[in-house]
J.: 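I'd like to ask some things about the structure below.
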Amino acid sequence: MTNDQLGKRVGLMGGNFDPIHYGHLLVAEQARETYHLDEVIFIPTGVPPHKTVSTVGADKQSRYEMTRLAVESNPGFSVSDIEITRKGRSYTIDTLGALKKELAEDTQLYFISGADAIMKLDEWKDYESVLKQVIFVGATRPGTDTAALAEKARQLNHTIGADVRIFYISELDISSTDIRNRINEERTIRYLLPEPVAAYIESEGLYKAHYPMYDKLNTYLKAHLSPGRYRHSLATAQTAKKLAIRYGEDAQKAEFAGLCHDIAKEFKDKESEKWIEKYHIFRDPCVEENPNIAHGEIGAEFLRETFGIEDDSILDAIRWHTYGHKEMTLLSKIVYLADAMEPNRKYGDVDRLRKMAYIDIDDAVLLFFNLCTLYLTKTDTRTHQYTHEMLRSIYETKKKRESE
Ligand code: NAP
């Protein structure tokens, strides 16, 4: 009889995929070939049964999205949201029950996961029933104690008639933990996972140790800002972090301030007016003309009042990111520039600014002002008094430095 006549063979690739990497994809592809699978369905866990996803881990929606990006180029692969959309813990027994309703009765299921899972299979919910419904394939990785696994598999197969197999694959020493650590330490992850997944991680700022309130504000901004502004905020956060690392400033604070800098940018004029009044914000003529130009100062007060952020170095960086201030700190300059040069910014000479920002931060602030002046003159926009004071202060500091 041919494989076709026997009914379908479907691989179920279960794991957290936090993030998915070439190790997982290689296991799935080699299992597909070895067991003549018609397809492999990746099933990212929603809430893992025995643990919480690591504290630096990505949320379930992001893990699903990364998995989708990773498998989309392989017609033999697909991804299921069955566990991430189900409430409560992701027990495999429930997943099988739901999947079986969608698959032909004579489908042979192969549940593929890491070989380490074999040692604890008999702790799974209704494990005997699970192992009656699937052939369990545990993929090894470098350093796996295969003797202990073989013994455990033999025992399960013998006592309950399971079919637990150890799957020895090409040694590819890639792990999600290592990838998460690398990202946090700003080390390369290139060639460890597919490019679209790496790009997604970068754009979402995943797996980085953040300032304590980062996640809360990230959720707030995602819900309250327009998609374009939110994208800009994430990019500003990442650029600010890189600049902070370059200048030995606090990278977590820079990232956080970059993330939040435009929190009040989409306030309506009436709302802005309310905050200007309440916090006695200086009514420069350009603020009178356009109250929203004060969104940095408003944003700082809003963050303090609504989220209890009290760190003045962060609040000042947000406060002065639009028109600057004569007492701008290094962190403030970093956020000011990050806003101006993040990768989504496209205007003539932005690349010159990007280079200059890593050479001399004050020169970069001056360069940005010169670039702005052209625009301000063209659009007949006034320059805020604080901007003039900031420029004067930078020139004076530079002069002092040069004469020393
Ligand atoms: P995990 O934390 O993602 O993975 C544990 C180890 O196995 C890690 O070293 C991981 O490597 C590796 N791994 C994970 N998925 C893999 C795969 N498909 N192929 C090769 N290696 C893989 O996941 P887990 O907690 O062990 O869970 C694995 C699956 O078993 C999930 O589908 C989960 O829902 C299921 N499970 C069910 C129950 C239950 O029903 N009670 C209990 C436990 C687990 P990386 O870190 O590099 O990813």
Side-chain angles (χ1 to χ4, degrees), residues 10-32 34-35 37 40-58 60 63-64 66-67 70-71 77-86 88-99 109-146 149 152 162 164-183 189 192-193 197 207:
V10 173
L12 305 178
M13 185 78 178
N16 290 324
F17 306 126
D18 193 16
I20 190 161
H21 52 69
Y22 281 130
H24 300 127
L25 296 167
L26 186 72
V27 166
E29 186 64 4
Q30 293 197 356
R32 191 166 76 88
T34 305
Y35 301 114
L37 306 178
V40 178
I41 306 173
F42 285 69
I43 310 175
T45 49
V47 184
H50 294 313
K51 57 184 171 190
T52 48
V53 177
S54 78
T55 47
V56 289
K60 56 187 179 179
R63 291 184 289 107
Y64 171 81
M66 288 188 281
T67 310
V71 305
F77 290 174
S78 63
V79 58
S80 164
D81 63 2
I82 193 163
E83 291 194 356
I84 67 150
T85 51
R86 197 168 64 219
R89 296 205 169 259
S90 304
Y91 293 113
T92 303
I93 189 72
D94 301 332
T95 303
L96 293 176
L99 276 176
L109 295 175
Y110 289 72
F111 191 90
I112 309 160
S113 200
D116 290 350
I118 293 175
M119 298 308 288
K120 293 198 168 169
L121 266 179
D122 49 10
E123 293 173 19
W124 286 24
K125 186 180 172 200
D126 295 340
Y127 77 98
E128 291 193 25
S129 174
V130 169
L131 293 175
K132 281 202 171 77
Q133 298 180 54
V134 302
I135 294 173
F136 190 94
V137 177
T140 60
R141 68 185 328 155
T144 305
D145 177 358
T146 48
L149 286 173
K152 185 75 184 182
V164 177
R165 303 179 188 182
I166 300 171
F167 187 43
Y168 301 92
I169 64 144
S170 318
E171 302 265 296
L172 193 57
D173 196 4
I174 304 177
S175 82
S176 300
T177 308
D178 177 53
I179 291 175
R180 290 197 300 269
N181 289 340
R182 281 174 169 274
I183 293 168
I189 54 166
L192 297 176
L193 37 66
V197 178
Y207 306 123

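Every number for a ligand or one of its atoms is a count from 1 in the order of the listing. All heavy atoms count here, side chains included; hydrogens, waters and symmetry mates do not.
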J.: By number and element, which atoms of ligand 1 are closer than 4.0 Å to a non-hydrogen atom of Thr45?
T.: 31 (C), 32 (O), 33 (C), 34 (O)
J.: Using non-hydrogen atoms of the residue, decide whether Arg89 is closer than 4.0 angstrom to ligand 1.
T.: no
J.: Which of the numbered atoms in ligand 1 are below 4.0 angstrom from a heavy atom of Lys125?
T.: 41 (N)
J.: Ligand 1 versus Pro49, non-hydrogen atoms closer than 4.0 Å: side chain, backbone, both, neither?
T.: side chain
J.: Can you tell which part of Glu123 has a heavy atom less than 4.0 Å from ligand 1: side chain, backbone, both or neither?
T.: neither
J.: Considering only heavy atoms, does Phe111 approach ligand 1 within less than 4.0 Å through its side chain, its backbone, both, or neither?
T.: side chain
J.: Any idea which part of His21 is under 4.0 Å from ligand 1, heavy-atom wise: side chain, backbone, both or neither?
T.: side chain
J.: Do the non-hydrogen side-chain atoms of Val71 and Leu25 ever get within less than 4.5 Å of each other?
T.: yes
J.: Does the side chain of Arg63 come within less than 4.5 Å of Asn16's, by heavy atoms?
T.: yes
J.: Check the pair Ile43, Leu99 against side chain to side chain contact (heavy atoms under 4.5 Å, CB included), reporting the backbone distance first and the verdict last.
T.: CA-CA 11 Å; Ile43 310 175; Leu99 276 176; 3.8 Å; yes
J.: Do the charged groups of Asp94 and Arg89 touch, with an N to O distance under 4.0 Å?
T.: no
J.: Give the numbers and elements of all ligand 1 atoms closer than 4.0 Å to a heavy atom of Ile112.
T.: 18 (N)
J.: Return the orientation label for the His24 and Phe17 ring planes: parallel under 30°, perpendicular over 60°, tilted otherwise.
T.: perpendicular
J.: Backbone or side chain, does any N or O of Ala139 fall under 3.5 Å from an N or O of ligand 1?
T.: no
J.: How does Asp116 reach ligand 1, by side chain, by backbone, by both or by neither, if only non-hydrogen atoms under 4.0 Å count?
T.: neither
J.: Is the shortest heavy-atom distance from the side chain of Glu29 to the side chain of Phe77 under 4.5 Å?
T.: yes
J.: Heavy-atom contacts with Ser175 under 4.0 Å: which atoms of ligand 1 show up? List them by number with element.
T.: 47 (O)
J.: Looking at ligand 1, does any of its N/O atoms fall within less than 3.5 Å of an N/O of Asn16?
T.: yes
J.: Parallel, tilted or perpendicular: which fits the ring planes of Phe136 and Phe111, with parallel below 30° and perpendicular above 60°?
T.: parallel
J.: Do the side chains of Leu192 and Arg182 get nearer than 4.5 Å, heavy atoms only?
T.: yes
J.: Could you list which atoms of ligand 1 come closer than 4.0 Å to a heavy atom of Ser176?
T.: 45 (P), 46 (O), 47 (O), 48 (O)
J.: Answer whether the closest heavy-atom distance between the side chains of Leu37 and Ile112 falls below 4.5 Å.
T.: yes
J.: At a 4.0 Å threshold, what atoms of ligand 1 neighbour a non-hydrogen atom of Met13?
T.: 17 (C), 18 (N), 19 (N)
J.: Give the numbers and elements of all ligand 1 atoms closer than 4.0 Å to a heavy atom of Ser90.
T.: 34 (O)
J.: Let's go through Lys152 and Asp122 carefully: what are the C-alpha distance in whole Å and the side-chain angles of both, what is the deciding distance for salt bridge (charged side-chain N to carboxylate O under 4.0 Å, His left out) to 0.1 Å, and is it a yes or a no?
T.: CA-CA 10 Å; Lys152 185 75 184 182; Asp122 49 10; 2.7 Å; yes
J.: Which bit of Thr92 is near ligand 1, meaning a heavy atom under 4.0 Å away: side chain, backbone, both or neither?
T.: both
J.: Has Gly23 got any heavy atom lying under 4.0 angstrom from an atom of ligand 1?
T.: no
J.: Does any part of the side chain of Leu193, heavy atoms only, come nearer than 4.5 Å to the side chain of Ile20, both counted from C-beta?
T.: no
